[in-house]
Amino acid sequence: MKNNVYSLTLPKLEDFFVARSENKAKAKILYSLLYKDKIASFSEIDIFGLRTIKMLEEELSLDELVLLEKRESKDAAKLLFRLFDGNSIETVLMRHDYGNGLCVSTQAGCNMGCVFCESGINKKIRNLEAHEMVLQILYAEKALNTSVSHITLMGIGEPLDNYDNVMKFIDIIGCQRGLDIAARHVTISTCGLIPQIEMLKNRETHSNLALSLHAPNDEIRGALMPINKVYGVKKLMEAVKSYSLVKNKKTTIEYILLSGINDSDECAKELCGLLNGIKCYVNLIPCNETSLGFKRPEKERIDNFYRILLDNGKRATIRREFGSGLKAACGQLRGGFIDKLKYSGGEQ
Ligand code: SAH
C-alpha cells in the first residue's frame, strides 16, 4: 500500500526526495502546499516539474477520510468520519474564547474497558495511523471553515496505547512549515499507562498531560477502570508527579462524577490528600448519561464536591458543557450512528 503523505514528518519527506535524487528543498515546499495552501491533489502543484508530480502520484496517497455526518451547535461541532477500511471515528470541535480546540480520536474502538465509557463497547479494532489523526484536523478545518489552535487527544481510543503513531502525529502537526500546532498546545489524555508516561517524560516535546483518574483509591478505581489492576493509584500518582516536575507543567486530573459511586464528601477529601504535593488542577466532569446506566449527581452534590476541593487549596473547575445537545461525550456519536445504521439494515 502507498504511504500517505500526511504520515511523513518533514525530515522523512526530505529523505523521500533525496532517495529519489530530487532536491531536498522540495519537501519544505510540499509541506507548505499541503498544510498552508491545503492542496487536494498533487496535480495542483505548478512549481514542480511533471516528472516529480508523477512520482508523487505514483508513490504517495493524499486522501483517506470520508465525512459521514456533521452536527453543529453554537459552541461545538461533531464530525463522524469513515476510514478507508470502513471503521468510523469521531472528532469534536470546541469553540473557546482563546481559540478552537479539536478533540481527536486515536484508535478505532478502545481496549481499556472503563465501565462508564461507550468507546470501549466494541473493543479496539486497530490503532489509527498518524495521517488519520492529521486528517481529522484538516477535514474539520475544511468542513467547519475554521482553524484549530489546540488539540486534545480525548476522542475514541487510548492515545498512549498507540504511542508511536501519536508521537509521529505530534511531530507532524508541530512543524512550523505545516500546521504549526506546537506540542504545548496538545493535551494527551490517558487512563494511566505508566511506562508510556515515563517515555513521554523523556521526550523533547512538551505536551500537556491529562490523567483520567476518576477515583481517589484503588478500590473504587479498580471497579471502574480495569487498567487500575495493572497500574494502581499510588504508582500512577508518582508517575504524574514526576512528569509535572520534569516538564514543569501542571497535569490536568480528570474526575468524572458518577452519582453514588465516587461523588461523596469522603471521596473529595481523599482526592485532596492524594493530590497533595502534585502540580495539577482538577477538571470535574459530571458524567454524561449514556446507555451504560450511570447517573450524573444532583447539582448540589457536584457543587459540594467542588467546594471541598477549593477549601483544601486545590485548583478545580467543573467542566463546561460542550454541545450536550449533540451527544458530544466520548464515543457517543459513533455509538448513536452505528445504532442508526443497524436500524436501517446494517453498517455498510
Ligand atoms: N483513553 C483516554 C482518552 C479518551 S476518553 C483517557 O482515558 O483519558 C476522554 C475522557 O472522556 C476520559 O477522561 C474519559 O474517562 C471520559 N469519558 C468517557 N465516558 C464518559 C462519560 N460517559 N461521561 C463523561 N466523561 C466520559
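When a ligand or atom number is given, it counts from 1 through the structure's own listing order.
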Atoms in ligand 1 flagged as close to [X], the criterion being non-hydrogen separation under 4.0 Å:
| X | answer |
| --- | --- |
| Cys287 | 23 (N) |
| Cys117 | 18 (C), 19 (N) |
| Cys191 | 6 (C), 7 (O), 8 (O) |
| Glu254 | 13 (O) |
| His214 | 13 (O), 14 (C), 15 (O) |
| Thr290 | 22 (N) |

Legend entry - Closest candidate by heavy atom, reference atom 16 (C) of ligand 1, pool Ile256, Ile156, Thr187: Ile256
Inset, instruction - Identify which of Cys103, Gly155, Pro159, Ser189 has a heavy atom lying nearest to atom 4 (C) of ligand 1. - result: Gly155
What do you reckon, does [X] have a nitrogen or oxygen under 3.5 Å from a nitrogen or oxygen of ligand 1?
| X | value |
| --- | --- |
| Gly157 | yes |
| Pro286 | no |
| Glu118 | no |
| Glu158 | yes |

Legend entry - Phe116-His214 aromatic ring centre distance below 6.0 Å: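 Between Phe116 and His214, the centre distance is under 6.0 Å.
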Inset, instruction - Under 4.0 Å, heavy atoms only, figure out whether ligand 1 is touched by the backbone of Leu211, its side chain, both or neither. - result: neither
Inset, instruction - Decide if atom CG of Leu50 counts as having more than 12 heavy atoms of other residues, nucleotides or ligands within a radius under 6.0 Å. - result: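 Result for CG/Leu50: open.
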Legend entry - From CA spacing to verdict: ring-ring contact (aromatic ring centres under 6.0 Å, His included), Tyr35, Tyr6: CA-CA 9 Å; Tyr35 294 108; Tyr6 297 107; 5.7 Å; yes
Would you call [X]-[Y] a salt bridge at under 4.0 Å N-O?
| X | Y | answer |
| --- | --- | --- |
| Lys24 | Asp15 | no |
| Lys78 | Glu69 | no |
| Lys299 | Asp303 | yes |
| Arg51 | Glu22 | yes |
| Lys168 | Glu129 | no |

Inset, instruction - May I ask you to check if Lys249 and Tyr243 form a cation-pi contact, with NZ or CZ under 6.0 angstrom from the six-membered ring centre and within 45° of the axis? - result: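 Lys249 over Tyr243 ring: no.
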